[in-house]
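Structure first, then comments.
Counting begins at 1 with the first residue of the sequence. Each ligand, and each atom within it, is numbered from 1 in the order the structure gives. Worth saying up front: this structure is predicted, and the values here are computed from it rather than measured.
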Amino acid sequence: MINSPISKISLGKREFLVKRDDLIDPYLAGNKYRKLYSLLNAPSNALNKIISYGGTQSNAMLAIAAMCKRKNWEFVYYTKPVSLSLKEQEGGNYFHSLSLGMRHVEIQEELYRDFISSLRLNLDERTFVIDQGGADKSARDGLEALASEIREANLDCKSLATPSGTGTTALYLALALPEYKVYTTPCVGNGEYLREQMSALCEIPQNLIIIEPDKKWHFAKPYPEFFDVYSKLKEEGIEFDLLYAPAMWLSLINHTKEKILYIHSGGVSGNESMLKRYKRKFNL
Ligand SMILES: *Cc1c(COP(=O)(O)O)cnc(C)c1O
């Protein structure tokens with residue numbers, strides 16, 4: 001794998017750099033590629049099955065499905081019951097994950113919690129469980145690889161930014177690059193919730209800066225402000241995801257001034273279904 005390239009992009013009157021992790025692969029890209037890096041580099045015969053769970057439009061789900069296809073591993077994904085309209089949808093992360101061979105199992109709402117907490121009981125040694133969103137200590141290796149690429153690029157900029165769900169990406173990136181400021185913003189819950197999630201993995205370093213959003217964004221809800229910044233960036237030549245990136249860009253515009261390298265976190269494959277929702281909601 002060669003290093004992902006770095007592009008320039010203007011937004012407003014500012015110029016940003018973007019680490020193009022979105023270009024790594026159509027399905028296995030962005031921070032999910034980085035988080036799965038050590039599994040991707042494991043010998044294929046070390047495992048024969050991956051188990052994971054979470055949302056049915058998740059980018060992690062799609063990345064794991066692409067990895068399992070490549071490694072010839074079985075992939076079982078557990079969710080709460082899903083709607084018929086999702087099952088019938090052509091396109092989107094769920095559709096593509098099934099096409100890549102994912103086996104989807106629905107667990108009744110009442111049983112879901114207990115079922116998930118018992119996933120690691122009685123596993124054989126060739127089965128590996130990945131927690132929701134890939135929040136795992138094994139993600140550290142891949143983010144150290146990303147950190148080396150950033151160091152090698154020798155840029156005239158000492159600040160990075162990437163949006164957070166579980167915070168795994170931003171946390172390990174900040175740990176691997178103590179000489180950089182790493183900005184992030186919570187896209188699921190608020191800053192306090194993000195800090196809690198990060199603290200479960202390890203101590204939060206000084207150089208990691210969590211920008212509290214100016215408005216309370218609910219995860220995966222369509223907002224005109226999100227579509228606006230998404231469209232501006234797309235016009236400038238780079239497509240970003242509609243769930244995480246817009247909140248990060250809005251935080252950067254409002255709360256930073258210096259030159260920043262934005263780490264593209266991927267997720268563009270999920271836009272297919274999000275754009276349909278935007279069109280319906282705002283008559284675009
Ligand atoms: C998963 C994801 C994130 C969040 O990554 P965390 O490591 O969970 O904080 C951000 N952006 C995109 C596009 C994602 O798919």
Side-chain angles (χ1 to χ4, degrees), residues 4 18-38 52-67 92-94 96-97 130-144 146-147 160-176 182-191 193-202 204 208-211 213 217 219-220 226 229-230 233-234 238-252 262-275:
S4 68
V18 180
K19 177 77 171 151
R20 303 299 306 278
D21 277 8
D22 54 316
L23 301 177
I24 293 170
D25 178 273
Y27 295 144
L28 185 44
N31 68 12
K32 302 307 181 292
Y33 165 79
R34 301 292 180 181
K35 293 206 244 183
L36 294 172
Y37 182 82
S38 55
S52 191
Y53 59 92
T56 43
Q57 291 297 3
S58 141
N59 296 324
M61 169 189 75
L62 180 63
I64 297 168
M67 171 179 77
N93 287 353
Y94 179 73
H96 291 300
S97 298
I130 302 176
D131 281 317
Q132 178 156 9
D136 192 275
K137 291 198 161 66
S138 70
R140 195 161 178 165
D141 290 351
L143 288 155
E144 280 171 0
L146 170 60
L160 312 174
T162 202
S164 279
T166 64
T168 313
T169 305
L171 177 67
Y172 287 141
L173 195 61
L175 281 172
V182 177
Y183 290 108
T184 192
T185 212
C187 302
V188 182
N190 59 11
Y193 174 73
L194 179 59
R195 270 191 198 90
E196 258 171 51
Q197 298 230 85
M198 288 177 170
S199 303
L201 291 168
C202 68
I204 302 173
L208 179 63
I209 297 156
I210 299 176
I211 307 176
W217 311 115
F219 187 64
F226 278 22
V229 72
Y230 161 87
L233 291 161
K234 198 169 173 202
I238 306 181
E239 184 168 11
F240 288 86
D241 83 283
L242 279 158
L243 301 183
Y244 298 90
M248 183 79 251
W249 281 106
L250 292 174
S251 287
L252 290 178
Y262 186 103
I263 314 297
H264 199 309
S265 53
V268 177
S269 61
N271 287 353
E272 206 177 333
S273 40
M274 267 318 272
L275 283 170

Any side-chain donor near an acceptor of the partner, Ser164 and Thr184, under 3.5 Å: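 A donor-acceptor contact under 3.5 Å links the two side chains.
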Between Ser58 and Asn93: side-chain donor-acceptor atoms closer than 3.5 Å: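 Result is no, nothing qualifies.
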Proximity winner for atom 4 (C) of ligand 1, if only heavy atoms of Ala29, Gly165, Gly133 are counted: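 It is Gly165 that holds the nearest heavy atom.
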Which option out of Met198, Lys35, Gln132, Lys32 puts a heavy atom nearest to atom 1 (C) of ligand 1?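 Considering heavy atoms of Met198, Lys35, Gln132, Lys32, the nearest to atom 1 (C) of ligand 1 sits in Lys32.
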Heavy-atom contacts under 4.0 Å between Thr169 and ligand 1: side chain, backbone, both, or neither?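 Both backbone and side chain.
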Considering only protein heavy atoms, which is closest to [atom], and at what distance to one decimal place?
atom: atom 11 (N) of ligand 1; value: Ser265 OG, 2.8 Å
atom: atom 3 (C) of ligand 1; value: Asn31 ND2, 3.3 Å
atom: atom 13 (C) of ligand 1; value: Gly266 O, 3.2 Å
atom: atom 8 (O) of ligand 1; value: Thr166 OG1, 2.5 Å

Less than 4.5 Å apart, any side-chain heavy atom of Ser269 and any of His96?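 No, too far: nothing below the 4.5 Å cut-off.
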For the pair [X] (side chain) and [Y] (backbone), establish whether a donor and an acceptor sit closer than 3.5 Å, ignoring hydrogens and angles.
X: Asp241; Y: Ala245; answer: yes
X: Lys32; Y: Ile64; answer: no
X: Thr56; Y: Tyr94; answer: no
X: Ser265; Y: Asn31; answer: no

Any non-hydrogen atom of Gly167 lying under 4.0 Å from ligand 1?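 The answer is yes, since Gly167 has a heavy atom less than 4.0 Å from ligand 1.
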Report, in ascending order of atom number, the atoms of ligand 1 lying under 4.0 Å from any heavy atom of Asn59.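 Here the atoms of ligand 1 in question are 13 (C), 14 (C), 15 (O).
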Only heavy atoms of Asp241, strictly under 4.0 Å: list the atoms of ligand 1 that pass.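 Near Asp241, meaning under 4.0 Å from one of its heavy atoms, ligand 1 has 13 (C).
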